[in-house]
Amino acid sequence: MSQYNEKSKAYTMQYMKDKLDEIKFRVPKGKKDEYRRAAESLGMKLTPFIVAAIEEKIDRDLGESTNTCME
């Protein structure tokens, strides 16, 4: 089993910098756990759950499909 080393860490950090945007936001105390439980009840992690909810709202309200997959 290979270990996570500095080279792997550097590669991962560069990939994230090149390929991903980061969005941070705050929610009232307790909401994060509520959202996490909802995501888990659907067999999802929190981040893909939030992304899917945002994309669903955009598609429903604006009629625009974002066509991204984050599972």
Side-chain angles (χ1 to χ4, degrees):
M1 182 173 172
S2 67
Q3 292 183 336
Y4 192 69
N5 57 36
E6 289 302 313
K7 186 175 180 180
S8 295
K9 180 180 177 182
Y11 176 81
T12 300
M13 297 304 291
Q14 189 62 47
Y15 176 86
M16 291 172 53
K17 181 180 175 186
D18 292 345
K19 304 289 184 182
L20 302 172
D21 285 329
E22 184 174 54
I23 300 172
K24 292 183 182 184
F25 61 95
R26 299 183 191 282
V27 295
K29 285 279 188 191
K31 283 294 188 177
K32 180 179 176 182
D33 288 333
E34 179 183 332
Y35 300 155
R36 186 177 313 265
R37 285 191 304 273
E40 288 172 354
S41 74
L42 296 170
M44 298 176 76
K45 298 284 188 179
L46 182 58
T47 299
F49 176 78
I50 292 170
V51 170
I54 292 168
E55 291 177 354
E56 181 180 306
K57 176 129 177 89
I58 290 170
D59 189 42
R60 184 183 64 234
D61 294 356
L62 301 176
E64 299 174 8
S65 180
T66 56
N67 279 334
T68 62
C69 181
M70 184 171 192
E71 294 182 22

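- Under the side-chain contact (heavy atoms from CB on, under 4.5 Å) criterion, Asn5 pairs with Lys7, Ser8, sequence neighbours left out.
- Atom CG of residue Leu46 and atom CZ of residue Arg37 lie 11.5 Å apart, to the nearest 0.5 angstrom.
- Interatomic distance, CZ of Arg36 versus CZ of Phe49, reported as 11.5 Å (0.5 Å rounding).
- Considering only residues two or more places apart in sequence or on other chains, Glu6 meets the side-chain hydrogen bond (donor to acceptor under 3.5 Å, both in side chains) condition with none of them.
- Glu56 contributes atom CD, which lies 9.5 Å from atom CG of Asp61 (distance to the nearest 0.5 angstrom).
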Which atom pairs, one a donor and one an acceptor, fall under 3.5 Å between side chains of residues 13-32 and the rest of the protein, sequence neighbours left out?
unit_1, atom_1, unit_2, atom_2, d
Gln14, NE2, Asp18, OD1, 2.9
Gln14, NE2, Asp18, OD2, 3.2
Lys31, NZ, Glu34, OE1, 3.3

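- Nearest heavy atom pair, residue Lys45 against residue Ala39, reads O-CB, 3.8 Å.
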